[in-house]
Structure formats: structure tokens, C-alpha cells
Amino acid sequence: MARAAIRRRLTWRIATVATITRESDTARRLALRIDDWDGHLPGQHVDVRLTAPDGYQTQRSYSIASAPETPTVDLVVQRVPGGEVSPYLVDELRVGDELELRGPIGGYFVWHPDTDSPLQLAAGGSGVAPFLAVLDHHAAIRSSVPVRLLYSARSLGDVIGRDRLDGHAGRGVSVTIALTREQPPGWRGLRGRMDAEAIREHTTPADALPRVLLCGPTSFVEAVADGLVAEGHPTTAIKIERFG
Ligand SMILES: Cc1cc2nc3c(=O)[nH]c(=O)nc-3n(C[C@H](O)[C@H](O)[C@H](O)COP(=O)(O)OP(=O)(O)OC[C@H]3O[C@@H](n4cnc5c(N)ncnc54)[C@H](O)[C@@H]3O)c2cc1C
């Protein structure tokens, strides 16, 4: 990679909020315009830095939720009650505001559509954000790689990107949603936390040799990783991103 591109990744730069859209009751998609963006791979993240008027600074990581083909770099941020940064990004940020950001970061937790291996994704809560980029990229390049997504959210109102996920399900991606706390009447998805049976029935079997990406809170990714290993998946096939 060119030296200038590496320097741009490591340097804080300005992103302008182009649009803000609702992705769930508690999450917003921030579409950012960034000059000289060199592109990214689905699964990578950025660091966002906020500076208070008194000079206090704090930073958090956010996955890139848009495919490389998208002209903006989109983040999907879920409000963590009492959090320092996410309530600001979800509730106070406005179109036209500027953010400091660096990236893209991470070369491990990415999807390269370079083999025919099936892809198994599992997300807890806002851990679905990088998979929105993966699925949009999978659609954009008309990939024939079979994909399954197992997604755990607290309630239907907390499900991020429902319309987008419905669209992907409509083109053959298998999307299974588990609601852990509250299910609406007539809910036909899974109920409660991921257990061995849910993992066995709703993920790609180990003998199909899928590549596996798990993302979300530590307790979620560890439970799913343990379940997949018990089903015979090699640990080397499983990549994990922890949001905790
Ligand atoms: C590589 C990476 C990518 C990430 N991508 C995303 C993303 O795409 N979207 C997104 O919304 N978040 C993402 N996160 C989480 C994000 O970086 C922040 O941790 C989150 O927004 C909370 O920050 P905060 O300042 O609001 O809360 P803090 O002030 O840092 O924390 C407040 C309290 O909430 C707890 N807490 C922190 N994070 C979480 C969480 N995710 N869920 C539940 N409790 C939490 C803390 O332990 C603390 O007790 C990512 C994290 C990593 C490491």
C-alpha cells in the first residue's frame, strides 16, 4: 500500500455527517463524507475522537457499516444508556456536524470474497454493524457464497437494519433473529439467549467448512464460539470482534 495511504489511516481527519437515519429504536446510521477516503474492507472499523470545549478528549471504535461500494462511510451507533460517547452520537449529532476519525483499522476481522467457502455470521446487539457492510458487499458483487446470519437482539425495536436484513433474506441470505427479552405476539423467530440447540439448528454445519465471523458483547461471542466448537468447527475458522 502507498505510504500516503498508510499515513492517512493513522492520521486523525475530518468527517462530515451527510445524513442520519434511524436503524432501530436505539441506533442511528451516520453516513459520513470523508475526503480522500482510500476505501475499506467489510469488517474494518474506525476510531472516532470527540473533544470537549475544555480540551478533554475521548475516543471509541465503530465498525464501518457500509459496503466499500457506498460513496459515504457509514457507522451504525447504538445508544448505551449512561455512556460517554454513544448518547451524543445518537441523540445530539446533526447533519453537517464534523467528527474526527481515523481508519480504516483492522485487517483480521474482514471478509475477503476470495473463496467459495460459506460464510457464517453471528451478531449480538450492535455487533451486527460490520455484517451490514459484509451483506451489502456480498450483494454488490453478486457473490454466490452462501451466507447465514444469526442475530441476537433484546426486542424487535432493538433489531438494527430490519428492512435491509429483510432485503438480504429476500435474495437468499439466511437470516435468523433471536429476541432475548421481549417477543411481539406471533413472533416466529428464536426466543431467549443462544443455546446449543439454536446454534446447531441455525448455523452452517461444520462439514460445509464455513468461515465464521462473530461480533458483539464478550458474553455473546464466547457463548456462540463455544457452541460452534462443540459442533466441530475448528477454532482457526472462527474470527471474533468484541464490543465490550
Ligand atoms: C472494534 C470495535 C467496534 C465497535 N463497533 C461498534 C458499532 O459499530 N456500533 C456500536 O454501537 N458500538 C460499537 N462498538 C462499541 C463502542 O466502541 C463503544 O464501546 C460504545 O458505543 C459505548 O461507548 P460509550 O462511550 O457510550 O459508553 P462508555 O462510557 O464507554 O461505557 C458506559 C458503560 O456501558 C458499558 N458498555 C460499553 N460498551 C457497551 C456495549 N457495546 N454494550 C453494552 N454495554 C456497554 C461499559 O462497560 C460501561 O459500564 C465497537 C467497539 C469495538 C472495540
Side-chain angles (χ1 to χ4, degrees), residues 15 17-34 37 39-46 62-79 86 89-90 93 95 104 109-111 113 118-180 182-184 187-190 202-204 211-217 220 224 241 243:
V17 181
T19 59
I20 300 177
T21 24
R22 181 191 162 88
E23 288 280 0
S24 77
D25 290 353
T26 51
R28 300 291 177 269
R29 175 178 290 255
L30 314 175
L32 306 175
R33 250 194 323 266
I34 306 168
W37 185 250
H40 62 273
L41 298 169
Q44 288 187 300
H45 66 274
V46 296
Y62 291 98
S63 301
I64 300 171
S66 50
E69 293 77 15
T70 309
T72 50
V73 174
D74 298 2
L75 312 180
V76 172
V77 181
Q78 184 170 50
R79 185 192 305 111
S86 61
L89 296 177
V90 170
L93 201 69
V95 169
F109 190 80
V110 294
W111 178 55
L119 181 62
Q120 176 64 54
L121 309 172
S126 56
V128 77
F131 300 152
L132 298 177
V134 169
L135 292 174
D136 282 358
H137 184 52
H138 181 271
I141 64 171
R142 298 173 190 273
S143 171
S144 56
V145 166
V147 189
R148 299 188 77 163
L149 168 66
L150 185 57
Y151 175 22
S152 171
R154 288 180 181 171
S155 69
L156 199 56
D158 287 311
V159 173
I160 291 172
R162 264 174 78 193
D163 292 347
R164 206 173 277 263
L165 294 177
D166 284 349
H168 288 300
R171 64 179 186 87
V173 172
S174 160
V175 177
T176 304
I177 299 179
L179 299 181
T180 55
E182 216 181 276
Q183 301 86 24
W187 173 247
R188 297 207 301 223
L190 303 180
H202 298 280
T203 58
T204 313
R211 287 181 287 175
V212 181
L213 297 176
L214 309 180
C215 187
F220 171 85
V224 176
E241 184 102 282
F243 275 15

Would you call [X] and [Y] a side-chain contact if the rule is heavy atoms closer than 4.5 Å?
{"X": "Val212", "Y": "Thr204", "value": "no"}
{"X": "Thr72", "Y": "Leu32", "value": "no"}
{"X": "Ile160", "Y": "Leu132", "value": "yes"}
{"X": "Arg28", "Y": "Leu93", "value": "no"}
{"X": "Leu75", "Y": "Leu89", "value": "no"}
{"X": "Val175", "Y": "Tyr151", "value": "no"}
{"X": "Glu241", "Y": "His45", "value": "yes"}
{"X": "Val90", "Y": "Thr26", "value": "no"}

Legend entry - Selection residues 156-166 - residue pairs positive for salt bridge (charged side-chain N to carboxylate O under 4.0 Å, His left out), sequence neighbours left out: Asp136-Arg164

Inset, instruction - Using a cut-off of 6.0 Å, state whether more than 12 heavy atoms not belonging to Arg142 lie near its atom CZ. - result: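 Check fails, neighbour count at 12 or below.
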
Closest non-hydrogen atom pair between [X] and [Y], with its separation:
{"X": "Pro68", "Y": "Pro42", "value": "CG-CD, 4.0 Å"}
{"X": "Ile64", "Y": "Pro104", "value": "CD1-CB, 4.1 Å"}
{"X": "Ser126", "Y": "Gln78", "value": "N-OE1, 3.3 Å"}
{"X": "Leu135", "Y": "Arg171", "value": "O-NH2, 3.1 Å"}
{"X": "His40", "Y": "Ser66", "value": "NE2-O, 2.8 Å"}
{"X": "Gly124", "Y": "Pro217", "value": "O-CD, 3.4 Å"}

Legend entry - Derivation of the side-chain contact (heavy atoms from CB on, under 4.5 Å) call for Ser63 and Phe243: CA-CA 10 Å; Ser63 301; Phe243 275 15; 3.4 Å; yes

Inset, instruction - Using the test side chain to side chain donor-acceptor pair (under 3.5 Å), find all partners of Glu69 that sit at least two apart in sequence or belong to another chain. - result: His137

Quick one: pull up [atom1] in [X] and [atom2] in [Y] and give me the separation to the nearest 0.5 Å.
{"X": "Asp74", "Y": "Thr19", "atom1": "CG", "atom2": "OG1", "answer": "6.5 Å"}
{"X": "Leu149", "Y": "Phe131", "atom1": "CG", "atom2": "CZ", "answer": "7.5 Å"}
{"X": "Thr176", "Y": "Arg188", "atom1": "OG1", "atom2": "CZ", "answer": "12.5 Å"}
{"X": "Leu119", "Y": "Ser143", "atom1": "CG", "atom2": "OG", "answer": "8.5 Å"}

Inset, instruction - Would you kindly say whether Gln120 and Thr203 are connected by a side-chain donor-acceptor distance under 3.5 Å? - result: no

Among all residues two or more places apart in sequence or in another chain, which pass the salt bridge (Lys or Arg N to Asp or Glu O under 4.0 Å) test with [X]?
{"X": "Arg211", "result": "Asp114"}
{"X": "Arg148", "result": "none"}
{"X": "Arg154", "result": "none"}

Inset, instruction - Just jot down the side-chain contact (heavy atoms from CB on, under 4.5 Å) partners of Pro184, sequence neighbours excluded, or say none. - result: Leu156, Leu179, Trp187

Inset, instruction - Look at the side chain of His138 and the backbone N and O of Val145, then say whether any donor-acceptor pair between them is shorter than 3.5 Å. - result: yes

Inset, instruction - Would you check if the side chain of Glu23 reaches a backbone N or O of Gly161 as a donor-acceptor pair within less than 3.5 Å? - result: yes

